[in-house]
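Positions are given from 1, in the same order as the sequence printed here.
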Amino acid sequence: MAAAAGSTIPSHIKGWVYSEYGKASDVLKLDPNVLIPELKEDQVLIKVIAAALNPIDSKRQLGYFKGSDTIPTVPGYDVAGVVVKVGSQVKNFKEGDEVYGDINEKALDPKKVGSLAEYTTAEERVLSLKPKNLSFVEAASLPLVIETAYEGLERAGLSAGQSILVIGGAGGVGTQVIQLAKHVFGASKIAATSSTGKLDLLKSLGADLPIDYTKVKYEELPEKFDVVYDAVGEADRAVKAVKEGGQVLTIAELHPPPPAVLFMLTSSGTVLEKLRPYLESGKVKPVIDPKGPFPFSQVVEAFSYLDTQRATGKVVIYPIP
């Protein structure tokens, strides 16, 4: 892949674009003539090899962030690819480096050309070198969710010996919360919810108490938890599952009931660097939905699948032509 760094950089590229708000199936179109983004001094230009979808991409397309968003735009937060050009102030990356990251430092202030294009730009501070043991597909699946998991657990103050309940344990963020709570934060007990068919996945990731949400109301369990991490938007139930004085964190509700607090990610390559040893040792693993990766030509179908909210782990797009 490093050879891509020496190839000619085009002025126009293929990318998925929407020019009005709505569902991906109605508004997202493949445009062969997207103007390649201008490179700023603190950025690198990346030849995209793989990208991943996130629920925030769908919310953005639906117009949730009109105040900070402009259209037409190319969606996409997660990227894995090869650096083909560096800005004058970039110190840590060079042409040919294989990198990955969430390219939007502030989730609600995204770039006009995201990762669902042949090339994209990203600030040096949001990127990390791709772990050598991970493929581009695996790397692309990680940045937004593993950073959200890690920074959220830090915000909640999870410490060694404490218990945690993960609501939505089989989703993109939830699968990483379980692993990080176990291997990085040293949780003493990890409970997590999913549908019946995904309970074995929760166990394999490190959950001590997999909970079938189709049969059990977790908020009615006699056992309460030091930390509750709500990844699906059930804060009203989550606050009933926490110990007195415990922490409830949600990533899916703008105005959660107290004591729950909303957490919004600030993308950081420093977090990816911090977690590199856990990824390279295999203690923490990517979780990719078995229906994928979806080819670049099927991005609309991939969004339609993501929007069913039944995906396991991450929905990945590969290869990007």
Novice: Ignoring hydrogens and angles, write down the donor-acceptor pairs under 3.5 Å from the side chains of residues 19-38, residues two or more places apart or on other chains.
Specialist:
{"from": "D31", "atom 1": "OD1", "to": "N33", "atom 2": "N", "distance (Å)": "2.8"}

Novice: Do S68 and D109 have a side chain donor and acceptor closer than 3.5 Å?
Specialist: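 Their side chains do not contain a donor-acceptor pair, so the 3.5 Å distance test is not met.
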Novice: Give a yes or no on this: more than 12 heavy atoms of other residues, nucleotides or ligands lie within 6.0 Å of atom CD of E273.
Specialist: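 Yes - once you tally the heavy atoms of other residues, nucleotides and ligands closer than 6.0 Å, there are more than 12.
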Novice: State whether the number of non-hydrogen atoms from other residues, nucleotides or ligands found under 6.0 Å of K198 atom NZ is greater than 12.
Specialist: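 Yes, enclosed.
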Novice: Considering residues, nucleotides and ligands other than K94, do more than 12 of their heavy atoms fall under 6.0 Å from its NZ?
Specialist: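 No, the 6.0 Å shell around NZ holds no more than 12 heavy atoms from other groups.
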Novice: Is it possible for you to check whether K130 lies under 6.0 Å from the centre of the six-membered ring of Y100, through NZ or CZ, and within 45° of that ring's axis?
Specialist: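 Not satisfied by the 6.0 Å and 45° rule.
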Novice: Examine L275 and I103 and state if one hydrophobic cluster contains both, with Ile, Leu, Val, Met, Phe, Trp and Tyr joined whenever side-chain heavy atoms are less than 4.5 Å apart.
Specialist: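 Each belongs to a different hydrophobic cluster.
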Novice: I'd like to check the side-chain contact (heavy atoms from CB on, under 4.5 Å) partners of V145; sequence neighbours left out, ordered by chain and number.
Specialist: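 N54, V173, Q176, K314.
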Novice: Could you tell me which residues satisfy salt bridge (charged side-chain N to carboxylate O under 4.0 Å, His left out) with K224, sequence neighbours excluded, listed by chain and number?
Specialist: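 Once residues adjacent in sequence are excluded, K224 has no partner under the salt bridge (charged side-chain N to carboxylate O under 4.0 Å, His left out) criterion.
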Novice: Would you please name every residue forming a salt bridge (charged side-chain N to carboxylate O under 4.0 Å, His left out) with D307, sequence neighbours left out?
Specialist: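 D307 satisfies salt bridge (charged side-chain N to carboxylate O under 4.0 Å, His left out) with no residue once adjacent residues are dropped.
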Novice: side-chain hydrogen bond (donor to acceptor under 3.5 Å, both in side chains) with Y305: which residues, sequence neighbours excluded?
Specialist: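 Checked Y305 against side-chain hydrogen bond (donor to acceptor under 3.5 Å, both in side chains); matches are D289.
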Novice: Could you list the residues that satisfy side-chain hydrogen bond (donor to acceptor under 3.5 Å, both in side chains) with E301, not counting sequence neighbours?
Specialist: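 If we apply the side-chain hydrogen bond (donor to acceptor under 3.5 Å, both in side chains) test to E301, skipping adjacent residues, there are no hits.
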Novice: For residues 144-182, pull every pair meeting ring-ring contact (aromatic ring centres under 6.0 Å, His included), keeping only residues two or more places apart or in separate chains.
Specialist: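 Qualifying pairs: Y150-F185.
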Novice: With ring-ring contact (aromatic ring centres under 6.0 Å, His included) as the rule and sequence neighbours excluded, what pairs involving residues 50-70 come up?
Specialist: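 Listed by first then second residue: nothing to list.
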Novice: Looking only at side-chain N and O atoms, does T73 offer a donor or acceptor that is under 3.5 Å from a partner on R60?
Specialist: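 Indeed, the side chains of R60 and T73 share at least one donor-acceptor pair under 3.5 Å.
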Novice: Does V228 sit in a hydrophobic cluster with other residues, and if so which ones, taking ILVMFWY side chains as linked at heavy-atom separations under 4.5 Å, directly or through other members?
Specialist: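 Its cluster partners, ordered by chain and number, are L165, I167, L209, I211, V216, Y218, L221, F225, V232, V239, V242, V248.
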Novice: According to side-chain hydrogen bond (donor to acceptor under 3.5 Å, both in side chains), who are the partners of D208, at least two apart in sequence or on a separate chain?
Specialist: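 Testing D208 for side-chain hydrogen bond (donor to acceptor under 3.5 Å, both in side chains), a comparison that skips the adjacent residues, returns none.
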Novice: With S268, which residues qualify under side-chain hydrogen bond (donor to acceptor under 3.5 Å, both in side chains), at least two apart?
Specialist: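 If we apply the side-chain hydrogen bond (donor to acceptor under 3.5 Å, both in side chains) test to S268, skipping adjacent residues, there are no hits.
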Novice: So how far is it from L272 CG to L127 CG, rounded to the nearest 0.5 Å?
Specialist: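 One finds 8.5 Å between CG of L272 and CG of L127.
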Novice: Using the side-chain hydrogen bond (donor to acceptor under 3.5 Å, both in side chains) rule, take E105 and S267 through it: C-alpha gap first, then chi angles, then the decisive distance, then the call.
Specialist: CA-CA 4 Å; E105 185 172 29; S267 175; over 6 Å; no
Novice: Which other residues belong to the hydrophobic cluster containing V261, where Ile, Leu, Val, Met, Phe, Trp and Tyr are joined when side-chain heavy atoms lie under 4.5 Å apart, directly or via other members?
Specialist: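 The other cluster members (ILVMFWY side chains, heavy atoms under 4.5 Å, direct or chained): none.
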